[in-house]
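What you are looking at is a predicted structure, and each value in this text was computed from that prediction instead of being measured.
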Amino acid sequence: MSARDPELKRDPELKKELDASVQARRELGPEYEDELVDSFLEKVEQRLESVVDKRVRRQMAEQQMVVARGSTRPPAPPAGYDGLGARLGLAITSLVLAIPLSAIAAVNAGMTGLFACWGGIVAVNALQASRSWFAGPSGGPAARERGSDDWN
């Protein structure tokens, strides 16, 4: 969670859920650990989805305001915007999905499967990072070559 995102900085509900999960783990023992972890991760995912939904609705409303005012160009991204929300979402989703995928890969294919699994996760994140750097709205090399007016 980043200082740029006050919505996710501190969430008292998630902290309560984590405390409850840890307490339940202590009471129920290690047999229920997987179910407790899955339950907590589902709640984290729901919270992330709600934050992303709120951002999308806000951006859609801003675009509708621009169109209503008669401008055909969408609003320019804020200064310093580099698609951090999308990359953060992909990184968090990758880590959440890495847990069961790693377990499945390690059980079925041993260390080779585990390395292949993590290689794929790293490759997906690296591809997204390079894609957003080369084609990002705030000016990677490709954006500078295209010029500042990409909407025409």
Side-chain angles (χ1 to χ4, degrees), residues 1-22 24-25 30-64 66 73-152:
M1 319 238 181
S2 104
R4 298 173 101 182
D5 192 353
E7 296 175 64
L8 289 176
K9 195 167 187 180
R10 298 225 184 253
D11 189 342
E13 288 182 37
L14 279 180
K15 182 171 178 4
K16 287 178 187 175
E17 289 292 336
L18 178 60
D19 291 341
S21 295
V22 169
R25 162 56 171 88
E31 309 81 57
Y32 294 98
E33 186 169 333
D34 289 340
E35 290 82 4
L36 292 169
V37 169
D38 288 343
S39 172
F40 178 72
L41 290 177
E42 186 175 313
K43 289 172 184 153
V44 169
E45 185 177 354
Q46 289 171 355
R47 175 65 175 128
L48 286 173
E49 286 175 2
S50 72
V51 170
V52 170
D53 287 345
K54 185 189 294 185
R55 283 189 189 153
V56 168
R57 284 193 303 273
R58 185 180 324 134
Q59 288 177 350
M60 292 296 292
E62 289 172 1
Q63 289 177 355
Q64 288 174 352
V66 168
R73 292 182 67 176
Y81 177 79
D82 61 354
L84 181 63
R87 288 186 297 187
L88 179 64
L90 177 66
I92 290 172
T93 302
S94 295
L95 290 174
V96 168
L97 292 176
I99 296 167
L101 290 176
S102 295
I104 293 167
V107 167
N108 292 323
M111 289 302 285
T112 304
L114 185 62
F115 287 134
C117 174
W118 276 94
I121 292 167
V122 168
V124 167
N125 281 279
L127 180 66
Q128 173 63 21
S130 68
R131 189 177 130 240
S132 63
W133 188 80
F134 283 110
S138 64
R144 283 193 289 272
E145 290 172 10
R146 287 190 310 259
S148 62
D149 194 10
D150 293 336
W151 295 103
N152 292 333

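With rounding to the nearest 0.5 Å, the separation of CG in L95 from CG in L90 is 9.5 Å. Note that NZ of K54 and CD of Q59 are 13.5 Å apart. Values are rounded to the nearest 0.5 Å. Between the OG atom of S50 and the CG atom of L48 there is a distance of 7.5 Å, given to the nearest 0.5 Å. Here the CD1 atom belonging to I104 is positioned 12.0 Å from the CD1 atom belonging to I99, to the nearest 0.5 angstrom. Distance check: E35 CD to S21 OG gives 12.0 Å after rounding to the nearest 0.5 Å. One distance of note links CG of L36 with CG of L18; it measures 11.0 Å at 0.5 Å rounding.
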Anything under 3.5 Å between a donor and an acceptor, one on a side chain of residues 118-127, the other on a protein residue two or more places apart or in another chain? List them.
| residue | atom | partner | partner atom | Å |
| --- | --- | --- | --- | --- |
| W118 | NE1 | S102 | OG | 2.7 |
| N125 | ND2 | S94 | OG | 3.0 |
| N125 | ND2 | I121 | O | 2.9 |

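Residues C117 and A105 come closest through the heavy atom pair CB-CB, 3.8 Å. Counting all heavy atoms, side chain and backbone alike, L14 lies closest to R47 at CD1-CG, 3.9 Å.
Taking the side chain as every heavy atom from C-beta outward, M60 and V56 approach each other to under 4.5 Å.
None of E13, E17, E49 except one satisfies the salt bridge (charged side-chain N to carboxylate O under 4.0 Å, His left out) rule with K43; the exception is E17.
In this structure D53 satisfies the salt bridge (Lys or Arg N to Asp or Glu O under 4.0 Å) test with no other residue, sequence neighbours excluded.
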